[in-house]
> 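Pasting a structure below so you can have a look.
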Amino acid sequence: MAAVQAMFVVLVGVLACSLAHPQYPPPHHAPAYKHPARPYSYSYAVVDDYKGLNFGADESSDGNSVKGSYQVALPDGRTQNVAYTADHYAGYVADVSYKGHASYPPPAPYHPPAPYRPAPYHPTPAPYGPVHG
């Protein structure tokens, strides 16, 4: 009976040691200090009449919030204008507007496909001469 109790104590001790020592190292946590965002500002525009490109954008930030806008010439002839703000509290808020009227080219005339006519069949004749087999 004493041997069983001793074995039980040894097993409990081994179990306690294995649980006390973690198998994997603890995860590395990033430091609590957060670098402040830096203010910035940029803008650009592209106008290429030959290729039909016309778009631009501008954006600025004070380090806490972002404010900007962009314009895009759409294929239907309108210009899409988007003015937006973004911060950590209100999220992304956009005001979208359009300038001009949409116009589309007339549809192409419909030409039904020609009726199906299979190609003529011309079997090739068997070659002349003795058959070896």
Side-chain angles (χ1 to χ4, degrees):
M1 187 70 152
V4 174
Q5 289 177 346
M7 189 178 289
F8 179 74
V9 169
V10 170
L11 288 176
V12 169
V14 169
L15 181 64
C17 289
S18 65
L19 292 177
H21 181 67
Q23 188 176 9
Y24 301 104
H28 175 70
H29 295 287
Y33 175 75
K34 184 177 178 185
H35 293 284
R38 294 191 173 138
Y40 67 88
S41 178
Y42 74 87
S43 66
Y44 67 87
V46 175
V47 177
D48 185 347
D49 293 332
Y50 180 74
K51 292 190 176 183
L53 300 174
N54 186 356
F55 59 91
D58 61 272
E59 184 175 288
S60 62
S61 172
D62 61 1
N64 295 319
S65 64
V66 176
K67 185 176 188 178
S69 66
Y70 61 89
Q71 304 78 36
V72 178
L74 299 174
D76 62 7
R78 299 178 297 163
T79 301
Q80 180 185 33
N81 299 305
V82 179
Y84 60 88
T85 59
D87 60 29
H88 293 288
Y89 300 104
Y92 179 81
V93 179
D95 179 29
V96 181
S97 62
Y98 296 92
K99 187 179 195 182
H101 297 285
S103 61
Y104 303 97
Y110 175 72
H111 298 290
Y116 174 72
R117 292 197 172 97
Y121 176 68
H122 302 289
T124 55
Y128 296 104
V131 177
H132 301 285

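All figures in this text were calculated on a predicted structure; none of them were measured in a lab.
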> What is the minimum heavy-atom distance between V72 and F55, and which atoms define it?
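Taking every non-hydrogen atom into account, CA-CB, 4.2 Å.
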> Determine, using the 4.5 Å side-chain heavy-atom cutoff (strictly less than), whether V46 and Y42 are members of one ILVMFWY cluster.
yes
> Please round to the nearest 0.5 Å and tell me the distance separating atom CG of N54 and atom CG of D49.
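Rounded to the nearest 0.5 Å, the CG-CG separation comes to 7.5 Å.
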> Could you pull out the closest heavy-atom pair between A90 and V93, with the gap in Å?
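Looking at all heavy atoms of both residues, the shortest contact is O-CG2, 4.0 Å.
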> Looking at side-chain heavy atoms only, is the closest gap between N64 and Y89 below 4.5 Å?
no
> For residues S69 and N81, is any side-chain donor paired with an opposing acceptor at under 3.5 Å?
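Short answer, no.
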> If you round to the nearest 0.5 Å, how far is CG of D87 from OG of S61?
10.0 Å
> Treating Ile, Leu, Val, Met, Phe, Trp and Tyr as nodes and any side-chain heavy-atom pair under 4.5 angstrom as an edge, say whether Y44 and V82 lie in one connected cluster.
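Result: yes, single cluster for both.
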> Report the distance from atom NZ of K99 to atom CG of L74, rounding to the nearest 0.5 Å.
13.0 Å
> Checking side chain to side chain contact (heavy atoms under 4.5 Å, CB included) for the pair Y84/E59: CA distance, chi angles, key distance, verdict?
CA-CA 9 Å; Y84 60 88; E59 184 175 288; 2.4 Å; yes
> For the hydrophobic clusters of this structure (ILVMFWY residues joined by side-chain heavy atoms under 4.5 Å, transitively), does one cluster hold both V96 and Y92?
yes
> Taking all heavy atoms of H101 and all of R78, pick out the closest pair and write down the distance.
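Minimum heavy-atom separation between H101 and R78: C-CG, 3.6 Å.
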> Is there side-chain contact between Y104 and D76, with heavy atoms separated by less than 4.5 Å?
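SC-SC contact between Y104 and D76 confirmed.
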